[in-house]
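This report refers to the structure that appears directly beneath it.
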Amino acid sequence: MAHSKSQNACLVCGKELIYHEESVEMECIYCHKKFMSNAACADGHYVCDTCHSKKGIEAVKEICLHSKSKNPYEIAVQMMETPFIHMHGPENHVLVGAALLAAYKNAGGDIELDTVIEEMKKRGSQVPGGTCGFWGCCGAAVSTGIFVSLVTGATPLSRKSWGLSNQMTSRALAQIGAIDGPRCCKRNAFLAMKEAVRFAEEHLPNAEGKTIQMELPDEIICTFTSKNHQCIGKRCPFNAVNHKKKTE
């Protein structure tokens, strides 16, 4: 059955995914490798995280390396509007940090963008889909922590940079968790990036010690609502209903 991106479900047949509390071994319908997973569609189709996100992550890298924007939201939406970024999925765990790295570089950050984007790809790709519910740690928030780790050169043996990376993740998680679920990879990405822009201005000076000021729009109004079957409507701060005066 043909299906569209708006169905944000099974990439094979378009049916809704079913999530189970306990993981079981499943075989990816594309690469035929076996993994432990909690999710498959009603017909049993399972697509591993790597196959799900491969083309999307390639698009993320290409857009970041050519963007001149200081606005991570603007960069992220450009990525989200490509046909390879699904409504929900583990590619968002790379997308958030990558958009921040590109905007940070364009705002005067002292980083080698191609190098850190490649490392963002490696690290973000290790964060499985569904961690928001199964681990209590949304991958969008983790992605902001990876962003700070890459900018500061943090390792498990670092001192201040280690602390900053963990503080960034915790601040993003606090914003995401305060709204309650169900999950939305777009809502969580926007919340995480907004907090990361504030955090960078507070804690991440450039090589000359000057404040890094990335940009954000005055208002963020989600344009993906119709593609999310579990949209929380007016509970989402980015839903157009909460910006009625601006959209009339």
Side-chain angles (χ1 to χ4, degrees), residues 57 59-82 85 91-121 123-124 127 138-154 160-176 178 185-224 236-238 243 246:
I57 292 176
V60 164
K61 184 176 180 179
E62 184 70 14
I63 289 170
C64 284
L65 293 179
H66 290 88
S67 177
K68 302 300 181 184
S69 176
K70 300 177 184 178
N71 185 328
Y73 167 78
E74 181 178 86
I75 298 170
V77 169
Q78 185 181 355
M79 299 171 189
M80 292 172 180
E81 290 177 343
T82 69
I85 299 295
E91 59 268 29
N92 292 281
H93 305 164
V94 175
L95 181 152
V96 170
L100 287 164
L101 287 167
Y104 179 83
K105 172 67 174 181
N106 294 334
D110 185 23
I111 54 175
E112 292 292 333
L113 189 59
D114 55 346
T115 301
V116 292
I117 288 292
E118 185 61 31
E119 187 62 24
M120 182 73 236
K121 171 184 171 182
R123 297 186 191 182
V127 183
C138 176
V142 175
S143 197
T144 66
I146 298 173
F147 154 68
V148 172
S149 173
L150 289 168
V151 166
T152 62
K160 184 175 181 179
S161 58
W162 184 95
L164 289 174
S165 301
N166 283 273
Q167 288 175 46
M168 178 67 261
T169 302
S170 69
R171 280 178 51 167
L173 279 175
Q175 294 298 315
I176 291 168
C185 286
K186 304 301 185 274
R187 180 185 76 236
N188 293 355
F190 300 157
L191 288 167
M193 286 187 291
K194 282 186 68 177
E195 195 61 30
V197 169
R198 288 192 284 262
F199 190 89
E201 187 172 350
E202 295 169 10
H203 297 289
L204 304 178
N206 63 17
E208 289 76 39
K210 297 180 180 179
T211 299
I212 292 290
Q213 292 184 316
M214 291 183 276
E215 300 172 353
L216 285 173
D218 292 334
E219 285 192 309
I220 295 176
I221 302 176
C222 181
T223 58
F224 301 95
C236 175
F238 311 116
H243 304 265
K246 298 290 184 179

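- V142 places none of its side-chain heavy atoms less than 4.5 Å from the side chain of H93.
- S149 has its side chain within reach of R123: a pair of non-hydrogen atoms, C-beta onward, lies under 4.5 Å apart.
- Annotation: side chain of S67 is in contact with side chain of N106 (closest heavy-atom distance under 4.5 Å).
- Shown here are the side chain to side chain contact (heavy atoms under 4.5 Å, CB included) partners of A189, two or more places apart in sequence or in another chain: M80, V96, M193.
- Among all heavy-atom pairs drawn from G109 and I212, the shortest one is N-CD1, 3.6 Å.
- In this structure, F190 and Y73 have perpendicular ring planes: the angle between them is above 60°, well past the 30° mark.
- Comment: E201 does not engage R198 in a salt bridge, judged by the lack of any side-chain N to carboxylate O separation of less than 4.0 angstrom.
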Might you work through the side-chain contact (heavy atoms from CB on, under 4.5 Å) test for F147 and V116, ending with a clear yes or no?
-> CA-CA 9 Å; F147 154 68; V116 292; over 6 Å; no
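- Of all heavy-atom pairs between A98 and C64, the closest is O-SG, 3.3 Å.
- From L95, atom CG reaches atom CE of M79 across 5.0 Å, with rounding to the nearest 0.5 Å.
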Is there a side-chain contact (heavy atoms from CB on, under 4.5 Å) between S143 and M120 once you walk through the steps?
-> CA-CA 8 Å; S143 197; M120 182 73 236; 3.2 Å; yes
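- Note: I63 CD1 to T82 OG1 = 5.5 Å, rounded to the nearest 0.5 Å.
- Here the CG atom belonging to L100 is positioned 12.0 Å from the CZ atom belonging to F199, to the nearest 0.5 angstrom.
- Nearest heavy-atom pair, Q175 versus L191, reported as atom, atom and distance to 0.1 Å: O-CD1, 3.9 Å.
- Across all their heavy atoms, I57 and K121 have their closest contact at CG2-CG, 3.6 Å.
- Once rounded to the nearest 0.5 Å, the distance linking CD of E74 with CD of E215 reads 8.0 Å.
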